[in-house]
Trainee: 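What follows is a structure written as structure tokens; I'll ask about it next.
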Amino acid sequence: MSTALARRDLLAALLAATALPGLAHAATPLLPDLDRAAAARIGKAWLAGRPDIGSAALARRLLPHGRGPDALPALRRQVSEDFRRGAVFVHRGWRLSETEGALFGLLALEE
Amino acid sequence: MAFIDARTLPDASRIEADLVIIGGGLAGITLARELAGGPLKVAILESGGREIDEEIQGLYAGTAVVKAPDNPDKPFDDYPVQSRARVLGGSGMIWGGKCVPLDPADFTARAWAPHSGWPVTRPQLQPFYDRACDLLEIPRFDADNKILKDPARPPLALDPQDGFFSAPRVFTRYSGGADKTAFDRFRTDFADAPNITVYLHANVTQVRLGKDGDKVEALDVACLNGKRHTAVGRTYVLAVGGIENVRLLLASNGVRPEGIGNRHDLVGRFFQGHVTYSLDGDAETEGTAVHVSRQPSMSLYLNPGRTGAHCVVAAGLSAQARMGTGNFTATLYAVTATGAGTPTEAETRAVRQVAARVDGNRQVGDGGDGQLLGFFAMSEHFPNPDSRVTLDPSAKDPLGMPRIHLEWRYAKADWDSLERSAAGFGDALGASGQGRACWPVQRGKLLEISSASRHHMGTTRMSADPTKGVVDPDLKVHETANLYVAGSSVFPTSGIANPTLTILALVMRLADHLKRDMGVRS
């Protein structure tokens, strides 16, 4: 899988379980205006404390059942659990779940 | 019955009443209103006149400093003068009118919060909160709270397991800052009652105890024009504010060298204030902010005119217990995005986009990314015996009263509580899929970004145990038979709530007690 394709799949996963089902299966990513450079900077900040982690391991951790429509509800559950167990990633004051940090990390690795 | 300018009385006049109230602020006025038309003869002694006067305000002058770990000291000498109004109606003249009860959690003894716990509970105070709300013509803070049941203004869907909740605030028109005409009626019409007399420009400079030191015999009253009078009653209520109550008790040392009510060295200690913490963002740095992922309308939380009913997000007792923190609130407000096109703005937008998608938003807000709001935090100032008001015997006001020194102290536990609470607030938003919070503040900058409210609490704290409090649960000074204290100085803990509604509730409770104690038949 090419890096570009993998990244598009990740964005597709992020859009999969949305409030507009018609768009959920659209080919166009729902984060078309995501600033890739900004996301990569956040991802690199998350990766800075985890130099040994790779994209394949991250993808298995974040998206164990693939990048289909079921990915987003699972991510959402994981995010809630992260916040409740204190697994957080703070970026310039923004308090994000560890899962969100890892998502940015994966985006950075797949950039 | 009347308003009397004490400056116009013959020198050495003797003022007599059954009940003498020292201070014509909201506490003193509310007490008099409760007794108006009854059999007790009531006299209010108010230092000020009908309008704020610079010379009279100057009687408050003293020195003050805020001290906190990891922060440079914050000189605060103008605070005693700027934070109170010495006038008929008291600081109600400059009050914005915000009304909030203390949370049930505020009354509890919390093992992780030394010196916490009130000798009364929120349910016990609820009937008096209701009466205070009725007096101020605002909705009651009860189970039927209308603010939280307006379908047009839905609350955030915060999961109760996280312990944060939407806490309402409303505004009364009976404040000088809201409706001066209505407040003028509030602060004067009660004196039409035949049993009420209000003495203006009447400064109490000494509370005189009998020779046994256990009962007040008389008050020395001084006017700025040189007149001196005496006031005598059966019972006295001290209601001149959280700093001035201390000043008068400590300065009244003719019989007891340590002052009145101070056998256990508690008068003036445990000073607590309310402070807001917020940081504006710019092109380079984040401010204190909230991203709201899914809520279609946040009007329940926004209060653009600063006068409307609204909610804040508050930490309940379960959250406090889990985090080992005190009370905490986040007050949300609209912000204008800044720094468009900068790396900071781009990263914020990326954070919000991903959070909005993870939280399930696709249909609301600005392009499906939710809403970006600012917030200011408030965090309970824990009771601290080293945070205190003392007298400066080397400096005296024109009436010969020693001036005060306020050393407002924070402890490491206060900063820990604030930071943990801000984090917990963000965690609660995120866990509920409602949004994310940004708290970019460094500990060493907390005092710098803080803004103090005009709330002075804790300095004559209430306790059933005379070794732990200045006044008992009936607000009577433990060691003085006929002296009571009203106002927020009796609060053992300060919570977050603006104190006025609680002051009024406690005063109404005191009024009922005094009626019973002084033989008034209901």
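Since the structure is predicted, the reported quantities are computational estimates derived from the model, not experimental observations. Just so it is clear: chains get the letters A, B, ... in the order the sequence lines come, proteins before strands, and each one is counted from 1.
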Trainee: Using a cut-off of under 4.5 Å on heavy-atom pairs, state which of B:A423, B:G424, B:A346, B:S432 scores highest against chain A.
Mentor: B:A423

Trainee: If you round to the nearest 0.5 Å, how far is CG of A:L109 from CZ of A:F104?
Mentor: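 Result: 13.5 Å between the selected atoms.
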
Trainee: Taking all atoms of both residues into account, what is the closest heavy-atom pair of B:G324 and B:W112, and its distance?
Mentor: C-CD1, 3.5 Å

Trainee: List the atom of B:P104, the atom of B:T108, and the distance in Å for their closest heavy-atom pair.
Mentor: O-CG2, 3.6 Å

Trainee: Among all residues two or more places apart in sequence or in another chain, which pass the side-chain hydrogen bond (donor to acceptor under 3.5 Å, both in side chains) test with B:D282?
Mentor: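 side-chain hydrogen bond (donor to acceptor under 3.5 Å, both in side chains) list for B:D282, sorted by chain: B:T285.
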
Trainee: Within the structure provided, determine whether B:H381 and B:D414 are in side-chain contact (heavy-atom separation under 4.5 Å).
Mentor: yes

Trainee: Please classify the contact of B:T348 with chain A as side chain, backbone, both or neither, using a heavy-atom distance under 4.5 Å.
Mentor: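 Contact with chain A is through both the backbone and side chain of B:T348.
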
Trainee: Which residues in residues 84-96 of chain A have a heavy atom less than 4.5 Å from any heavy atom of chain B?
Mentor: A:R84, A:V88, A:H91, A:R92, A:G93, A:W94, A:R95, A:L96

Trainee: Based on non-hydrogen pairs under 4.5 Å, which of B:P343, B:G426, B:A422 is most in contact with chain A?
Mentor: B:P343

Trainee: Any idea which heavy atoms bring B:E286 and B:C438 closest together, and the distance?
Mentor: CB-SG, 3.7 Å

Trainee: Given side chains that start at C-beta, do those of B:L446 and B:R443 come closer than 4.5 Å, heavy atoms only?
Mentor: yes

Trainee: Would you say the side chain of B:V292 lies within less than 4.5 Å of the side chain of B:R436, judging by non-hydrogen atoms?
Mentor: no

Trainee: With a 4.5 angstrom heavy-atom cut-off, could you sort out which part of B:A428 is near chain A: side chain, backbone, both or neither?
Mentor: neither

Trainee: Where does B:Q161 contact chain A at under 4.5 Å (heavy atoms): side chain, backbone, both or neither?
Mentor: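 Contact with chain A: side chain only.
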
Trainee: Looking at every non-hydrogen atom in both residues, tell me the closest pair between B:A377 and B:F328 and how far apart they are.
Mentor: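 Scanning both residues completely, I find the closest heavy atoms to be CB-CE1, 3.6 Å.
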
Trainee: Got a sec, which residues hit side chain to side chain contact (heavy atoms under 4.5 Å, CB included) with B:A105, two or more places apart in sequence or on another chain?
Mentor: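 Once residues adjacent in sequence are excluded, the partners of B:A105 under the side chain to side chain contact (heavy atoms under 4.5 Å, CB included) criterion are B:L317, B:Q320.
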
Trainee: Which members of residues 43-51 of chain A, sorted by number, sit under 4.5 angstrom from chain B on a heavy-atom basis?
Mentor: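 Listed by number, there are no contacting residues, so the answer is none.
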
Trainee: Under 6.0 Å from the CG atom of B:D280, do we count more than 12 heavy atoms belonging to anything else shown?
Mentor: no

Trainee: Is the centre of the B:F425 ring less than 6.0 Å from the centre of the B:F375 ring?
Mentor: yes

